[in-house]
Amino acid sequence: MKTSIIGYPRIGSQRELKFASEKYFKGEITAAELQETAKKLRTENLKVHKESGLDYIPSNDFSFYDVMLDTSVLLNAVPHRYADLGLSELDTYFAMARGYQGEKGDVKALAMKKWFNTNYHYMVPEIEDDWQPSLGSQKPFELFSEAKDGGVKTKPVIIGAFTFLKLARFTGSKSAADFADKTADVYAEILAKLSALGAEWVQLDEPYLVRDLSAEDKELFALLYTKILANKNVKVLLQTYFGDVRDCYSEIAALPFDGVGLDFIEGKETLNLVEKNGFPKDKILFAGVVNGKNIWRNHYAKTVDILQKIAPVCGEIVLNTSCSLLHVPYTLENETKLSEDVKKHFAFAAEKLGELGKLKKIMSWENPRNAHEYAVNTALMNEVRSGEDKSVQEKVKALSDKDFTRLPEFSEREKIQHECFKLPILPTTTIGSFPQTAEVRKTRAVFKKNEITEEEYDKFMRDKIAECVKLQEKIGLDVLVHGEFERNDMVEYFGECLNGFLFTEKAWVQSYGTRCVKPPIVWGDVSRAKPMTVKWSKFAQSLTENPMKGMLTGPVTILNWSFPREDITLRESAFQIGLAIREEVLDLDANGISIIQVDEAALREKLPLRKSDWHSEYLNWAIPAFRLVHSGVKPETQIHTHMCYSEFSDIIKDIDDMDADVITFEASRSDLTILDVLKANNFRTEVGPGVYDIHSPRVPSKDEIKTALRKMLEKIPAEKLWVNPDCGLKTRGVAETVPSLENLVKAAKELRSENK
Ligand code: GLN
Ligand code: ZN
């Protein structure tokens with residue numbers, strides 16, 4: 001069996017591309033210097049791939065920002081507002097990615113969205129009615145030739161026409177079908193050009209095929225590929241990932257692809273589909289058996305099992321990853337602090353190349369289970385890992401309905417709480433964090449390096465909190481926060497206070513453009529190691545008569561932004577984390593913190609790609625995990641939650657089922673249709689749709705905020721409406737934050753008198 005990968009990380013193992021790009025944006029290096037860094041990184045990747053013995057080595061998986069954006073430029077889908085700036089090709093590209101403000105004009109960036117169920121974001125293609133699909137950039141050809149000149153014959157990788165059109169936003173009156181013919185022509189031209197340059201294989205990525213497909217979708221797919229493949233003289237690999245292709249298995253089989261990539265890790269129906277329907281013998285099956293999204297070692301026994309099951313019904317099989325390795329960090333070699341005992345359980349991108357090589361070797365045995373590598377792996381998998389905590393497991397097992405049910409029920413609590421807090425109508429608050437100045441970041445950093453004592457650090461934080469409380473009182477906010485100055489990040493901060501989490505030094509994963517994240521690893525059973533926030537919240541509350549919100553991150557968000565375990569279910573992990581956060585909630589409750597906010601910024605993000613799986617695979621544990629966190633508090637304690645988006649119309653009942661007392665969310669940039677949905681569903685949780693956008697330094701005027709609130713009051717009863725910005729203020733400066741909040745308070749006060 002040969003080996004292949006779908007794509008590789010490109011930001012650089014030391015984030016070289018990030019730093020070079022940021023320097024270029026600031027005008028500190030030239031375009032040529034940036035190109036040079038990029039070329040070096042590509043050459044480095046090719047070398048690693050070649051040395052690992054990989055058979056199908058990808059090219060064009062490199063990108064300066066995002067491969068969807070690359071595809072827009074490749075197909076000449078550059079909206080006029082960017083093309084008209086008259087910038088160089090590279091700068092036009094970056095203008096689309098990041099917006100442009102300068103002597104040539106002032107344009108916003110393309111929209112950015114989450115890439116399927118990952119934490120990677122793509123730039124949404126924007127298609128205007130007069131788009132003429134045609135060959136734009138030369139990147140796939142140049143990168144193929146670059147690799148070839150370096151002695152490596154690669155398999156160019158391009159986002160396929162179907163996924164491109166399905167994810168595009170059509171700004172005029174036309175739709176995907178109107179452009180299908182011409183788009184197919186351009187893809188055919190690309191194949192011809194690559195073939196002329198000497199390519200043997202081209203990989204077209206079509207992850208959209210793992211979603212629920214309508215009849216029109218299938219028609220579009222068939223139409224595109226009938227045309228694209230009609231006169232090809234290069235082998236074409238149709239690559240799918242992030243799930244199974246149950247809606248179009250027979251359509252794929254019927255088209256003249258030379259290879260088809262299927263995901264055996266996230267595609268829970270894939271094995272079944274292949275076993276039941278067989279697989280066309282004239283096509284090579286690229287079997288995605290090595291997880292491209294998580295960092296655990298492959299379990300060879302399971303992989304061999306899959307391969308032995310499909311072998312009898314398939315022709316040639318190639319060992320593949322389940323998706324691009326873009327979603328895992330570069331290499332374990334950069335981790336100097338993790339012990340060997342821990343590291344031997346992990347495989348980052350480079351180590352996954354090694355696994356493919358080993359699997360290839362194993363599969364060359366007549367009985368793969370006799371291979372030496374197989375035995376070594378089996379022994380590793382059978383090892384009892386450290387980090388087991390029986391008491392936590394018992395606690396999760398013992399959970400029953402009452403642990404997920406808060407009493408008294410919502411409407412009764414709402415009355416009690418209104419009585420207790422005596423807040424004015426349209427109460428004002430913020431989402432939690434206040435501007436984090438360089439001084440705050442620096443103090444955290446030097447404390448971490450033990451360069452200042454705990455007393456010095458505490459004193460600094462207390463001063464910051466006191467200053468923040470005073471500021472909020474002066475502005476006239478009703479429900480205050482301590483400011484979150486002690487937190488680097490809303491997951492890492494909590495992970496560090498929990499048993500069961502591991503942290504890496506260099507395990508960066510690209511999130512969007514030059515932004516990378518370093519997800520913690522859930523290693524063992526999770527429990528609270530120590531109180532996490534009580535000290536700060538208690539101190540902050542002691543400074544004021546106003547209610548002070550305790551601030552926590554919820555279990556679903558902590559789990560979704562970490563690398564999860566594979567030896568237990570996500571449900572079990574979420575409940576373990578939920579129990580740990582619950583302890584903190586109860587501690588805050590016992591210490592006189594009467595409002596507790598549990599942020600679930602990432603709840604929506606991991607909703608399964610198929611609607612039919614939403615409840616059975618996800619919401620059936622995610623919503624209970626949240627309820628577990630707060631079900632034990634006093635009736636008069638108010639539970640808030642916050643979400644960073646307003647696209648939850650389709651799961652509105654589930655959001656209400658979280659049974660929080662108040663939910664704040666981003667609404668200032670959306671079209672406010674969410675308000676209709678709230679009304680139509682009789683949403684009972686009190687709501688604080690953000691009244692201004694904190695992602696921009698702009699100061700909203702009082703009147704603008706009043707207008708926004710008036711619109712909200714048309715749909716939401718005044719007794720249920722809160723007034724707040726749309727997210728935390730930590731990325732903002734003090735200069736714009738103070739006047740913005742002052743205007744927010746003034747607007748609320750004026751509307752109160754109108755609504756009396
Ligand atoms: N409480 C957090 C903050 O204000 C929420 C952050 C978020 O929603 N991303 O920073
Ligand atoms: Zn937010």
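Just so you know, ligand 1 is whichever comes first in the structure, and atom 1 is the first atom listed for that ligand.
- Note on residues 583-592: pairs passing salt bridge (charged side-chain N to carboxylate O under 4.0 Å, His left out), not counting sequence neighbours, are Arg528-Glu583, Arg528-Glu584, Arg528-Asp587, Asp589-Lys634.
- For the 3.5 Å distance criterion, the side chains of Glu686 and His418 qualify, holding a donor opposite an acceptor.
- Under 4.0 Å from any atom of ligand 1, one finds heavy atoms of residues Ile431, Gly432, Ser433, Glu484, Met490, Asp599, His642, Cys644, Cys727, Gly728, Lys730.
- Centred on the Zn ion (ligand 2), the angle running from Cys644 (SG) to Cys727 (SG) is recorded as 120°, rounding to 10°.
- Annotation: ring pair (Phe, Tyr, Trp, His ring centres under 6.0 Å) contacts involving residues 461-484, sequence neighbours excluded, are absent.
- Inspection of the Tyr692 and Asn743 side chains reveals no N or O donor paired with an N or O acceptor under 3.5 Å.
- Within the structure, the salt bridge (charged side-chain N to carboxylate O under 4.0 Å, His left out) test picks out the following pairs touching residues 733-750 (sequence neighbours left out): Lys702-Glu750, Lys706-Glu750, Arg732-Glu736.
- Aromatic rings of Phe404 and His630 (six-membered ring for Trp) have centroids beyond the 6.0 Å cut-off, not under it.
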